[in-house]
J.: 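Quick one: structure below, then a few questions.
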Protein chains: 2
Amino acid sequence: MHIVSGEMTVGEGVYEALRHDIIFGQLSPSDKLKLDNLKSAYNASVATIREALNRLVTEGFVVTEGQRGFFVAPISGPELREIADLRILLECHALRLSFEAGDTEWEAEIIAAHHKLSRMEQRMQSGDHSEKETWKRYDWGFHQALISACGSRELLTLHGTIFDKYLRYQMRTLTFRGEAAAAEHRALLNYAMERDIENAQAVLRVHIEGGVEHSLAQENL
Amino acid sequence: MHIVSGEMTVGEGVYEALRHDIIFGQLSPSDKLKLDNLKSAYNASVATIREALNRLVTEGFVVTEGQRGFFVAPISGPELREIADLRILLECHALRLSFEAGDTEWEAEIIAAHHKLSRMEQRMQSGDHSEKETWKRYDWGFHQALISACGSRELLTLHGTIFDKYLRYQMRTLTFRGEAAAAEHRALLNYAMERDIENAQAVLRVHIEGGVEHSLAQENL
DNA sequence: ATTCTTGATATAATCGATTTTTAATAATAG
DNA sequence: CTATTATTAAAAATCGATTATATCAAGAAT
């Protein structure tokens with residue numbers, strides 16, 4: 001999950017916008033990314049568009065095959081499972097490191113993040129799905145806060161990319177998984193406060209796998 | 001570790017060459033990557049160079065900051081430890097999946113890869129350091145073969161990138177760690193044949209951490 | 001002597017044009 | 001009618017020029 005800050009070059013702005021639009025579904029899996037269309041849509045020249053697309057290629061959101069242009073990366077059920085597996089692996093590891101190092105500031109941070117998320121979840125549960133993107137930002141905020149004390153910038157960066165790949169699948173469903181998901185978030189918060197890593201990891205695994213099954217039940221990938 | 005195959009666009013060729021030169025040290029950490037110099041050195045126009053550099057930015061081999069151009073990513077002792085930690089995490093996980101799924105073909109593959117590597121290690125041990133790059137390619141070949149049956153393309157791709165980041169540090173030392181490293185490779189091969197994942201993971205951890213300490217002993221990062 | 005301001009130079013970022021390649025369509029042969 | 005080849009149009013990749021920004025050096029002010 002990228003948070004935009006400060007002044008950006010045109011190229012960076014195009015990169016962030018394209019990335020956002022792929023993750024949140026405005027650009028669909030396997031869509032051909034025609035340079036002339038993108039030029040108009042993102043208000044930059046073709047060469048600048050290509051720079052942004054090249055960044056997205058190594059990140060895995062765009063695929064290219066010499067001379068045939070760029071395509072939004074495809075999606076599939078098996079890939080979702082692989083990404084979820086990686087997310088579990090990285091996030092469980094980061095949780096352990098974070099629980100070991102986390103201090104009072106970190107506790108306050110995750111309480112605040114959870115508060116925002118649970119407010120959003122209440123709204124989703126009451127039937128208001130109008131701010132789906134905000135909901136997912138708070139979801140990210142909570143998970144990121146949980147692992148923020150892990151002490152490894154490389155791990156956090158990598159986790160962020162994997163999280164976004166997982167999020168792309170999540171954004172395809174129109175529904176909230178319900179009280180089960182909210183309960184899992186609450187459990188994660190409580191185990192964090194208690195520094196109970198074994199139970200936290202177990203809940204996280206259930207949580208992510210629940211999201212996978214929910215996605216796969218909604219569409220045939 | 002990227003293996004070059006088939007026809008490439010100029011842009012792809014520049015990307016591979018730059019990537020190679022960063023990993024193998026021809027372009028030093030924190031070097032300013034001046035576009036006019038690269039234009040001559042890599043025989044492509046500035047815009048094409050920029051495309052390749054953008055790919056390397058999201059991959060972490062190059063850093064950029066708004067109007068100031070591109071730099072080879074810096075190195076540091078803490079970062080090496082983080083990368084090693086990630087390599088251990090990913091490779092141990094992939095080993096487990098591979099041991100569960102590996103068949104006779106996979107066994108033959110790792111035996112062949114180990115043979116090549118041990119031949120190279122014999123040469124290093126006899127004092128011949130002339131083919132350091134080949135040695136590292138065989139090292140990669142062996143580790144990659146060990147995890148090749150893990151069944152996750154995402155995991156293999158990710159592991160490959162992390163391996164290359166780790167390799168960049170390894171290439172800075174001029175020396176072979178010695179019989180200890182060779183023995184660890186042999187142990188990995190034997191545990192793979194026996195599908196002994198616990199011992200294999202333990203040896204792998206020792207192996208990678210040995211490489212980290214060897215690197216840190218050689219230079220003050 | 002130090003700091004700030006201004007202008008010149010170097011360089012990065014972006015642009016649009018040109019070249020190269022691919023894809024689509026039409027013509028021809030079997 | 002189908003398959004192959006040739007032609008044309010569309011699009012991708014690369015190029016070099018232009019615009020925008022950073023850096024550096026010199027002069028002025030304190």
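Predicted, not measured: the structure shown is a model, and the values here were computed from it. Hydrogens, waters and symmetry mates are skipped; everything else that's a heavy atom, side chains included, is used. Just so it is clear: chains get the letters A, B, ... in the order the sequence lines come, proteins before strands, and each one is counted from 1.
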J.: From CG of N54(A) over to C1' of dA13(D), roughly how many Å is that when rounded to an integer?
T.: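 Rounded to whole Å, this separation is 11 Å.
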J.: Does E213(A) pair with R81(A) as a salt bridge, N-O distance under 4.0 Å?
T.: yes
J.: Determine, for nucleotides 5-11 of chain C in 5'-to-3' order, which nucleotides have protein heavy atoms under 4.0 Å from the base (write B), from only the sugar-phosphate (write S), or from neither (write -).
T.: ------S
J.: Could you encode protein contacts along nucleotides 14-25 of chain D as a string, one character per nucleotide from 5' to 3', using B for base contact, S for sugar-phosphate-only contact and - for no contact, with a heavy-atom cut-off of under 4.0 Å?
T.: BBB----SSS--
J.: Using 4.0 Å as the upper bound for N to carboxylate O, is an ion pair formed by R19(B) and E59(B)?
T.: yes
J.: Just how far, in rounded Å, is P of dA12(C) from CG of L33(B)?
T.: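 That distance rounds to 9 Å.
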J.: Can you tell me the distance, in whole Å, between the CG atom of L53(A) and the C1' atom of dA11(D)?
T.: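 After rounding, the gap between these two atoms is 14 Å.
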J.: Partners of R68(B) by side chain to side chain donor-acceptor pair (under 3.5 Å), sequence neighbours excluded?
T.: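 Result, side chain to side chain donor-acceptor pair (under 3.5 Å) vs R68(B): E65(B).
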J.: State which residues pass side chain to side chain contact (heavy atoms under 4.5 Å, CB included) with E82(A); sequence neighbours excluded, sorted by chain then number.
T.: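 Listed in chain order: S152(B), R153(B), E154(B).
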J.: Looking at E12(B) and T9(B), would you say the former's side chain and the latter's main chain have a donor-acceptor pair under 3.5 Å?
T.: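 Between the backbone of T9(B) and the side chain of E12(B) there is a qualifying donor-acceptor contact (under 3.5 Å).
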J.: Please report, to 0.1 Å, the donor-acceptor pairs under 3.5 Å made by any side chain of residues 26-35 of chain A, with sequence neighbours excluded.
T.:
unit_1: D31(A); atom_1: OD2; unit_2: S28(A); atom_2: N; d: 3.0

J.: Whole angstrom is fine here: how far is it from CZ in F70(A) over to C1' in dA12(D)?
T.: 9 Å
J.: So if I take the C1' atoms of five pairs at each end of the helix from dA1(C)-dT30(D) to dG30(C)-dC1(D) and get each local axis, what angle do the two axes make, rounded to 10 degrees?
T.: 10°
J.: Using a strict cut-off of less than 4.0 Å between a Lys/Arg side-chain nitrogen and an Asp/Glu carboxylate oxygen, indicate whether E209(A) and R205(A) qualify as a salt bridge.
T.: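 Salt bridge flag = yes for R205(A) with E209(A).
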J.: Answer yes when E133(A) and R137(A) have at least one side-chain N-carboxylate O distance shorter than 4.0 Å, and no when they do not.
T.: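 Looking at R137(A) together with E133(A), the answer is yes, because their closest N to O distance falls below 4.0 Å.
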J.: Count the heavy atoms of every other residue, nucleotide or ligand shown that sit under 6.0 Å from CG of D128(B), and state whether that count exceeds 12.
T.: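 Yes, enclosed.
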J.: Using modelled atom types only, decide if a donor and an acceptor are shared between the side chain of Y166(A) and the backbone of I208(A) within a distance under 3.5 Å.
T.: yes
